[in-house]
Amino acid sequence: MEKFYDAIVVGGGPAGLSAAIYMARARFRVLVIEKEKVGGQITITAEVVNYPGIFSTNGEKLTAEMARQARAFGAEFLNAEVTGMDVDDDYKVVHTSNGDFKTLGIIFAGGAHPRLAGFKGENDFRGHGVAYCATCDGEFFTGKTIFVVGGGYAAVEEGLFLTKYAKNLIVVVRGNDFSIESAAVEELKDNKNTNILYHTQIEEVKGDSAIRKVVLKDRQTGEENSI
């Protein structure tokens, strides 16, 4: 057993960092364990304008300041993967790739990871044209052509929300139709600014500081074209 903490926070995103700030400021011994990059998924967001009290920033700067606050109050950080937890006893044990840690309490703030579509250039343009949250980032694409990938409930819901901002909404569906039956599907189909491409997938996105070209492939004919 390496060290004892009052609380261990699993996850170094905004939720985990907020918990660490409050716990550490209250003079508790706190350890934040993050397996990837401190800051979490929001670090790929190029512009954040809806965080209370902050007029405009980006995800990396916002969470870097949160981490700095937590450290200033005494929180410790560990880059490791949590492999298991023993929580039945009064003293909990968190097992990680860098050892075991004992604590009175565990705050689990594991966050989320987007399901990647898998097209070429997706990682290169994350936060610069490729987004995974319409309510978070939709406003930034006002007046532009927006592509929505998918034919399930999430794609339909996000697509309907994006019709508020898009000059032209293109929904890319791999199958011959949407995979759900819902009135929302018909509402999306009836939207005058929406174009739905069936049996189609995005092959690649290209550009410079932002996406300038989207390469599409017809899954039936194999034909490719660019928009």
Side-chain angles (χ1 to χ4, degrees), residues 5-82 96-98 106-117 119-149 154 158 161-162 164-166 205-212 214:
Y5 293 91
D6 295 307
I8 290 179
V9 181
V10 179
L17 292 172
S18 297
I21 289 169
Y22 278 87
M23 292 289 291
R25 188 171 184 267
R27 300 298 180 88
F28 291 106
R29 291 197 64 195
V30 180
L31 175 66
V32 180
I33 302 175
E34 169 59 50
K35 70 175 182 179
E36 295 177 351
K37 183 177 183 179
V38 171
Q41 188 176 322
I42 197 174
T43 57
I44 67 169
T45 302
E47 188 174 4
V48 177
V49 296
N50 58 353
Y51 192 85
I54 304 295
F55 186 79
S56 180
T57 185
N58 63 51
E60 190 161 8
K61 287 182 180 178
L62 176 65
T63 51
E65 280 296 286
M66 294 173 74
R68 189 166 74 91
Q69 277 183 295
R71 287 190 174 95
F73 288 127
E76 298 178 33
F77 284 76
L78 174 69
N79 183 239
E81 181 175 3
V82 173
T96 81
S97 55
N98 280 354
I106 298 170
I107 299 173
F108 187 80
H113 292 272
R115 181 181 177 184
L116 302 184
F119 52 81
K120 187 176 179 181
E122 180 175 9
N123 283 325
D124 296 335
F125 288 97
R126 287 180 67 177
H128 299 277
V130 174
Y132 300 95
C133 174
T135 54
C136 304
D137 299 328
E139 179 190 357
F140 302 131
F141 304 107
T142 299
K144 301 182 182 298
T145 296
I146 302 175
F147 288 80
V148 173
V149 180
E158 300 274 272
F161 181 83
L162 289 169
K164 301 177 183 180
Y165 305 106
V205 292
K206 302 178 180 180
D208 36 53
S209 60
I211 295 173
R212 307 299 179 191
V214 177

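We number each residue from 1, following the sequence as shown.
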Open item on the list: Check whether E122 reaches the backbone of A117 with its side chain - one donor and one acceptor, N or O, closer than 3.5 Å.
Closed with: yes
Task: Considering all heavy atoms, the nearest A19-V9 contact - done: CB-CG2, 4.4 Å
Task: Flag side-chain contact, heavy atom, 4.5 Å: Y132 against D137 - done: no
TODO: Please report the C-alpha distance between V30 and I107 in whole Å, then the side-chain angles of each, then the deciding distance to 0.1 Å, and finally whether the side-chain contact (heavy atoms from CB on, under 4.5 Å) criterion is met.
DONE: CA-CA 10 Å; V30 180; I107 299 173; over 6 Å; no
TODO: Decide yes or no for S209 and H128: does some side-chain heavy atom of the first lie under 4.5 Å from some side-chain heavy atom of the second?
DONE: no
TODO: Please round to the nearest 0.5 Å and tell me the distance separating atom CD1 of I21 and atom CE of M66.
DONE: 5.0 Å
Task: Minimum heavy-atom distance between R126 and L116, given as atom pair plus value - done: NH1-CD2, 4.4 Å
Open item on the list: Run V38 and L17 through side-chain contact (heavy atoms from CB on, under 4.5 Å) and show every step you take.
Closed with: CA-CA 9 Å; V38 171; L17 292 172; 4.1 Å; yes
- [ ] Grab the two heavy atoms, one from T135 and one from F161, that are nearest each other, plus how far apart they are.
- [x] CA-CE2, 3.5 Å
- [ ] Could you walk me through whether V205 and F119 pass the side-chain contact (heavy atoms from CB on, under 4.5 Å) test, one step at a time?
- [x] CA-CA 8 Å; V205 292; F119 52 81; 3.7 Å; yes
Open item on the list: Going by salt bridge (charged side-chain N to carboxylate O under 4.0 Å, His left out), name the residues that satisfy it together with E65, two or more places apart in sequence or in a different chain.
Closed with: R68
Open item on the list: To the closest 0.5 Å, what do you measure between OG1 (T142) and CG (L162)?
Closed with: 9.5 Å
- [ ] Determine whether I54 and V48 make a side-chain contact, defined as any pair of heavy atoms from C-beta on separated by less than 4.5 Å.
- [x] no
Task: Test item: R71 and Q69 side chains (from C-beta on) under 4.5 Å apart, heavy atoms - done: no
Task: Nearest non-hydrogen partners of A70 and F77, listed with the distance - done: CB-CZ, 4.0 Å
- [ ] Grab the two heavy atoms, one from A20 and one from A75, that are nearest each other, plus how far apart they are.
- [x] CB-CB, 4.4 Å
Task: Worked check of side-chain contact (heavy atoms from CB on, under 4.5 Å) between E139 and N50 - done: CA-CA 11 Å; E139 179 190 357; N50 58 353; over 6 Å; no
- [ ] Determine yes or no for a side-chain-to-main-chain donor-acceptor pair under 3.5 angstrom, with N79 supplying the side chain and E36 the backbone.
- [x] yes
Open item on the list: Using side-chain heavy atoms (C-beta onward) and a distance below 4.5 Å, is T57 in contact with Y51?
Closed with: no
TODO: Search all heavy atoms of A80 against all heavy atoms of I33 and return the closest pair with its distance.
DONE: O-CG2, 3.5 Å
Task: Exceeds 12 heavy-atom contacts within 6.0 angstrom, atom OH of Y165 - done: yes
Task: Exercise: do Y5 and E76 side chains pair donor with acceptor under 3.5 Å - done: yes
